[in-house]
Amino acid sequence: MADTVGTAGASRRTVFGHPIGLTNLFGVELWERFSFYGMILILGYYLYYSLEEGGLGLPQATATGIVGAYGGVVYLSTVLGGWLADRVLGMERMVFYGGVVVMLGHIALAVLPGMSGVAVGLVLVALGSGALKANASSLLGILYEKDDPRADGGFTLFYLGINLGAFIGPLITGLLQTSVGFHVGFGAAAVGMALGLLQYGLFRRNLGDAGRRAPNPLPRSALPKAVGIGVAIVVVIAVVALTGLVTLATLPRVVTGVLVVGSIAYFATMFASPKVTSSERTKLRAYIPLFIANAAFWSLFQQIFTVLAVYSDERMDWTIFGWTAPASWIGSLEPIWIILLSPVFAALWTRLGRRAPSTPRKFAFGVIGMGVAFLLFLIFAGGTGPSTPAVAVLFILALFAVSELMISPIGLSVTTKLGPESFRAQMMALYFFSVGLGTSMSGVLAKFYSPDSEFAYFGLNGVVVIVIGLVVLALSPWMVRHMEGVH
């Protein structure tokens, strides 16, 4: 069938009932997540392992805090990627350029020694991931009409690609790290991103004209002001870094604070913009509780890369038929369930259509499920050494996966539906702010974990998040009314 272009500028050709452009975005996100999760699962170990083990010898609490803060910075940088897409380059080009910067970051981690490689590599990966993530999701959103019931199913399939990459990445980089060394593992992440860029470039035509133009172009007269603000931000960051105002130990709290302030400013900007209609403002109000619930969910989920990475290294028994698997493989356990369950959930939402639970209820169930999953770790609390069977954690992470499928792909989808037309890509950046807030909080919370405090740690975190989920459930009818027909 020949390509035809619809109102959104995207090809009308379909695959399995979805726009054919989904396949291209599925592929580039798969390889970007391969590189990201493959790197981040060995990053914490690289930071706190001793020099003799090939690491940098940082305190463990500092290392997990850096990982959490770094994840927050990745999502914080989506504001830049979203702004450049909305005002300058368009979403489609930002996806490609972001992938190039990610690849360069992984190359820096692979070839530069010590903290210099960590600093350069993480800055580049954060900037590139911020550009790619917000815009790939937004680009997928415009392939569907706002009332298209296929959208939730499409985003769930897109999420399958994310988790295929998340599953394969830690397996490969973990094996390379334990058998050859950390830098070879980081190099594998660079190769993965290069493969993603190759397939994206070869099949860009599947996207038609979607995302090729900036929806809210920056006037030429405003360019000097924008450049001035950018330079000022860079100067402030440089001064803070060089004067020691922010240390590695305080970095997670600082990133969390910046994300809170940035989120408030983002909401205020959209509410005050003359380009946002009264109907769009009403939908934004309904989005606020979803934003908070999402942050709470990710503050626990992202501990896979902080607290649970340490738990995997010190408390889990990874013996498989006499062979000890890499501790970083904990990052591949949860994606197994996502891969198995994503097609089921995609078919379920597509089949139910308007009869499916409303988005606020899905969010509430996802947040509550995440809290319950944390409480399950209490079964093994108080043990010593590697006494928790890996297979037990595998089944606990099944609840992580079900909760994630109730909230994450649905969150991506509803963000594209509730966002003001003039802030499409930046609205997705705001969604990722909530993910970033939760991720940086995972680094803040990690400082309170120790094997001796497992009862209090897993218990308190689980109960607090369950309460947040119950509040969202109670607010669901109000949110549904303010979403004005968005299910």
Side-chain angles (χ1 to χ4, degrees), residues 137-138 140-142 144-156 158-159 263-264 266-268 270-271 273 276-298 301 344-372 402-424 426-435 437-438 464-487:
S137 302
S138 296
L140 177 59
I142 66 174
Y144 298 90
E145 298 295 338
K146 282 205 170 186
D147 59 351
D148 192 334
R150 301 176 302 164
D152 280 0
F155 272 93
T156 302
F158 179 68
Y159 218 69
S263 299
I264 294 171
Y266 238 133
F267 273 112
M270 282 190 275
F271 276 118
S273 173
V276 176
T277 67
S278 60
S279 175
E280 289 174 334
R281 289 191 182 92
T282 298
K283 293 175 183 177
L284 270 180
R285 293 188 190 98
Y287 190 76
I288 293 173
L290 299 180
F291 179 94
I292 296 170
N294 203 45
F297 171 86
W298 290 106
F301 183 92
V344 176
F345 274 76
L348 178 65
W349 301 143
T350 301
R351 185 176 183 84
L352 289 176
R354 305 292 295 183
R355 294 179 290 117
S358 65
T359 290
R361 287 184 176 275
K362 290 175 184 175
F363 262 67
F365 296 148
V367 173
I368 292 169
M370 191 67 238
V372 172
V402 171
S403 301
E404 184 182 0
L405 287 168
M406 292 296 294
I407 195 170
S408 190
I410 308 306
L412 290 170
S413 178
V414 78
T415 297
T416 65
K417 296 173 184 176
L418 296 181
E421 191 66 32
S422 297
F423 290 86
R424 269 189 173 270
Q426 292 180 77
M427 186 69 182
M428 189 57 69
L430 181 61
Y431 167 81
F432 285 122
F433 264 38
S434 68
V435 181
L437 184 56
V464 168
V465 169
I466 288 172
V467 170
I468 293 172
L470 292 172
V471 171
V472 173
L473 189 61
L475 289 173
S476 293
W478 175 86
M479 284 186 277
V480 169
R481 288 196 302 271
H482 282 71
M483 288 165 67
E484 296 189 347
V486 174
H487 188 64

**Report entry** For the student: nearest non-hydrogen atoms of V472 and A364, plus distance
**Finding:** CG1-CB, 4.0 Å
Query raised in the report: Would you find more than 12 non-hydrogen atoms of other residues, nucleotides or ligands less than 6.0 Å from R285 atom CZ?
Result: yes
Report task. Any chance you could measure I468, atom CD1, to N294, atom CG, to the nearest 0.5 Å? Result -> 11.5 Å
**Report entry** Shortest non-hydrogen separation from A286 to W478 and the atoms involved
**Finding:** CA-CZ3, 4.1 Å
Query raised in the report: Heavy-atom distance under 4.5 Å between the side chains of P360 and L475, does that happen here?
Result: no
Requested in this report: Show your working on side-chain contact (heavy atoms from CB on, under 4.5 Å) between M370 and I407 and close with a plain yes or no.
Outcome: CA-CA 10 Å; M370 191 67 238; I407 195 170; over 6 Å; no
Query - Aromatic plane relationship, F297 with F301 - under 30° parallel, 30 to 60° tilted, over 60° perpendicular - result: parallel
**Report entry** Residues which pass side chain to side chain donor-acceptor pair (under 3.5 Å) with S403, listed by chain and number, not counting sequence neighbours
**Finding:** none
Query raised in the report: Taking only residues two or more places apart in sequence, or in another chain, which ones meet F345 in a side-chain contact (heavy atoms from CB on, under 4.5 Å)?
Result: T156, L341, W349, V402, L405, M406
Report summary line: Between the CG atom in L418 and the CZ atom in F291, the distance rounded to the nearest 0.5 Å is 14.0 Å
Requested in this report: Report the distance from atom CG of L430 to atom CZ of F267, rounding to the nearest 0.5 Å.
Outcome: 4.5 Å
Requested in this report: Mind checking side-chain contact (heavy atoms from CB on, under 4.5 Å) for I264 and listing every partner two or more places apart, or none if nothing turns up?
Outcome: V260
Query raised in the report: What's the spacing between F432 CZ and S263 OG if we round to 0.5 Å?
Result: 13.5 Å
**Report entry** S408 side chain near Y431 side chain, heavy-atom distance below 4.5 Å
**Finding:** yes
Query - Residue pair G371 / V465: nearest heavy atoms and the distance that separates them - result: N-CG1, 4.1 Å
Requested in this report: Identify the two heavy atoms, one from R281 and one from V276, that lie closest to each other, and give their separation to 0.1 Å.
Outcome: NH1-O, 2.9 Å
Query raised in the report: Taking C-beta and beyond as the side chain, do L473 and R361 meet within less than 4.5 Å on heavy atoms?
Result: yes
Query raised in the report: For the atom pair OG (S476) and CG (L290), what is the distance rounded to the nearest 0.5 Å?
Result: 8.5 Å
Query raised in the report: Can you name the closest pair of heavy atoms from I466 and I368 and give their distance?
Result: CG1-O, 3.8 Å
Query raised in the report: Roughly how far, to the nearest 0.5 Å, is CD1 of I292 from CG of L437?
Result: 9.5 Å
